[in-house]
Amino acid sequence: MNAVTNTAILRCALVGTPNCGKTALFNALTGSRQKVANYPGVTVERKSGVLHTESGLCFNIVDLPGTYSLRARSPDEEITRDVILGKLASETPPDFLVCVADSTNLRLALRLVLELRRVGRPMMLVLNMMDIAKKRGIEIDTNKLSEALGFPVVTSIAVRKGGTDALVKAMDDFALTRAGMGGVCSWAPPNAAELRAGQNEADKIIRAAVKLPAKPDTLTTYLDSVLLHPVAGLICLFAILFVMFQAVFTWAQPVMDGIDAGFGILGDLAKTYLPAGLLQSFITDGVIGGVGGVIVFLPQIVILFFFILLLEDLGYMARAAFLMDRIMGGAGLHGRAFIPLLSSFACAIPGIMSTRVIDNKKDRLTTILVAPLMTCSARIPVYTLIVGAFIPAKTVFGFASLQGLVMFGLYAVGILSALGVSFIAKQFFWHQEMSPPFMLELPDYKVPSAKSVVLALANRATAFLKRAGTTIFAMTILIWFLASFPQAPAGATGPAIDYSLAAMIGQALHPLLAPIGFNWQISVALIPGMAAREVAVAALGTVYSISGGDAEAQIGTLLAHQWSLATALAFLAWYIFAPQCASTLAVIKRETGSWKWMWITFGYMLALAYVAAFITYHVAVMLGAG
Ligand SMILES: Nc1nc2c(ncn2[C@@H]2O[C@H](COP(=O)(O)OP(=O)(O)OP(=O)(O)O)[C@@H](O)[C@H]2O)c(=O)[nH]1
Ligand SMILES: [Mg+2]
């Protein structure tokens, strides 16, 4: 046996069934901040991190997507299988496997563990979620379990401080006693008899080592009787979504006003202390009018994510998927599409990536095709700006804010059009094939951990601010430059911006966009808006403040004076559909491996955007909103 030197790096992979807490363990061991949530299929990529233990060993830990078996069906499960079997050319195979099991669901876990044992890689087992198992009165004899399995077994609580100490110690011991790990690795898909034998052995081991309580988890059973009820459940789902959107609109307002006032003071300071001229214009019109105009929306984004994170951690998301399965199935969407589509409320990019959990290729493509129609958080600034400027802040039905309702409506149109497009795609591309039945394990409800919600929120907020400071800032500089140069000739009478490059570009595009009610200022905001949707807000802010709008006025007030209601509504309609985000298109190309699907998405969204804006504009004008 080779001796393990203290400088050796040991590669280990975290393997287990979906939702057993692999990523929570990975984060605890390596100090990473990968996404953890209470539903199966959160992790869809391999991620690695490093753990240095007190004894001086160094582990390279790989977190993998969850899987029930090595007979991979979906792209995320294939990643796990390939890493375990060492089939990835780009990656050294793991030295050993750390199997992670949900202690409250050992039967499922052991089936995978026994399958993994046959692969022949050195392995150990971690019984995670021991806190929940204890609370439920599940008793597990780890010594007996280890004896029956033939490798070490330890317990852990991934989400508690110190909850992984025993695991780290066991990993150290394991590495030191099994120096020079390697071993032959082979795997062939098990046949029916082998599968049955595996389940029998798992049951036998459980009988010997586990004592289950007489009473199962009553809280989950009780909550599910309401939340999964075909009628009461749907009512709850819609009530939750309604509260969420009302909150995004009303709770955020005071903080947004505060931030806005802050930028107002900064603008005044810049005006007072900077000499009038290009630098002053750059700071007030470009940076404050543009980037500041986007940062104002941080509170709304934080509130939206707060709700999403809470529901994810609670274990509600998989229930919502279950409830929506019938409706989605009618539109030709697989039940498993729900979570990817829901993640797309945050951003279409992780949404599209999480379609990897869908095993049927056609179902996966349909989901990718419609994911960008879900209202991502980058649309929030655009929607809020227009809704805030054009829809009166009234209370209707005695309790609901009209602006909140309109916002809810915009989201609803996004969802309905996603259902419509998937229905048509199903007919058009794959002639209504039957989807395989929907199977998604429902996780137990868990009390969300305040720490993980706060950390995840901080992550989201930083990401948003970083975007504002990079992409949006860069695009704002571009717009400011285009809108400021060339400068007006001496003796010019009109506003300086009319002589600028921006005006030239805007005027050139205008004939194309005039039929949908867009003026040249909007036209010029659309191209840099491809970098990120919020850029449109920054761009309008910059263009209108350079146009010599009242410097003190908020961009919303300016727009309310400059645009007709019909134009504002057409702009909203455009933003529901427009393929305004280049990164989303790039991810579609990467995930489908073809340019074709990227162009199909781009084309159909552009066509929908144009048609929707056209109809909205002309109907609004006919109704007298022109
Ligand atoms: N109470 C408790 N909750 C835990 C523990 N470990 C994980 N969780 C929670 O269990 C849920 C699932 O955790 P994840 O780490 O996302 O699970 P995963 O195995 O990575 O899931 P996939 O990536 O979907 O395969 C989350 O809500 C975690 O906060 C634990 O030891 N105790
Ligand atoms: Mg995970």
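Counting convention: from 1, in listed order, for ligands and their atoms alike.
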**OP:** May I ask you to decide whether Asp131 forms a salt bridge with Lys135, counting only side-chain N to carboxylate O separations under 4.0 Å?
**Re:** no
Original post:
Ion pair present between Arg196 and Glu194, side-chain N to carboxylate O less than 4.0 angstrom?
Top reply: no
**OP:** Answer side chain, backbone, both or neither: which part of Val100 comes under 4.0 Å from ligand 1, heavy atoms only.
**Re:** neither
Original post:
What do you reckon, does Ala37 have a nitrogen or oxygen under 3.5 Å from a nitrogen or oxygen of ligand 1?
Top reply: yes
**OP:** Give a yes or no answer on whether the side chain of Ser344 reaches the backbone of Pro340 with a donor-acceptor pair at less than 3.5 Å.
**Re:** yes
Original post:
Judging by distance only, is a nitrogen or oxygen of Gly21 under 3.5 angstrom from one on ligand 1?
Top reply: yes
Original post:
Can the ring centroids of Phe297 and Phe464 be said to lie less than 6.0 angstrom from one another?
Top reply: no
**OP:** Would you please determine whether Phe26 falls within less than 4.0 Å of ligand 1 on a heavy-atom basis?
**Re:** no
Original post:
Taking only residues two or more places apart in sequence, or in another chain, which ones meet Thr43 in a side chain to side chain donor-acceptor pair (under 3.5 Å)?
Top reply: Thr23
Original post:
ligand 1 versus Lys446, non-hydrogen atoms closer than 4.0 Å: side chain, backbone, both, neither?
Top reply: side chain
Subject >> Pro443 contact mode with ligand 1 (heavy-atom cut-off under 4.0 Å) >> reply: neither
Original post:
Trp597: what forms a side chain to side chain donor-acceptor pair (under 3.5 Å) with it, not counting sequence neighbours?
Top reply: none
Subject >> Carboxylate-amine/guanidinium proximity below 4.0 Å for Glu77 and Arg71 >> reply: no
Subject >> Asn38 and ligand 1 - part of the residue with a heavy-atom distance under 4.0 Å >> reply: both
Original post:
So which bit of Ala24 gets within less than 4.0 Å of ligand 1, heavy atoms only: side chain, backbone, both or neither?
Top reply: both
**OP:** With 2.8 Å as the limit, jot down which protein N, O or S atoms are around the Mg ion (ligand 2).
**Re:** Thr23 OG1, Thr43 OG1
Subject >> Listed once per pair and sorted, the side-chain hydrogen bond (donor to acceptor under 3.5 Å, both in side chains) pairs that draw on residues 149-165, sequence neighbours left out >> reply: Asn128-Ser156
Subject >> Arg336 and Asp363 ion-paired at < 4.0 Å >> reply: no
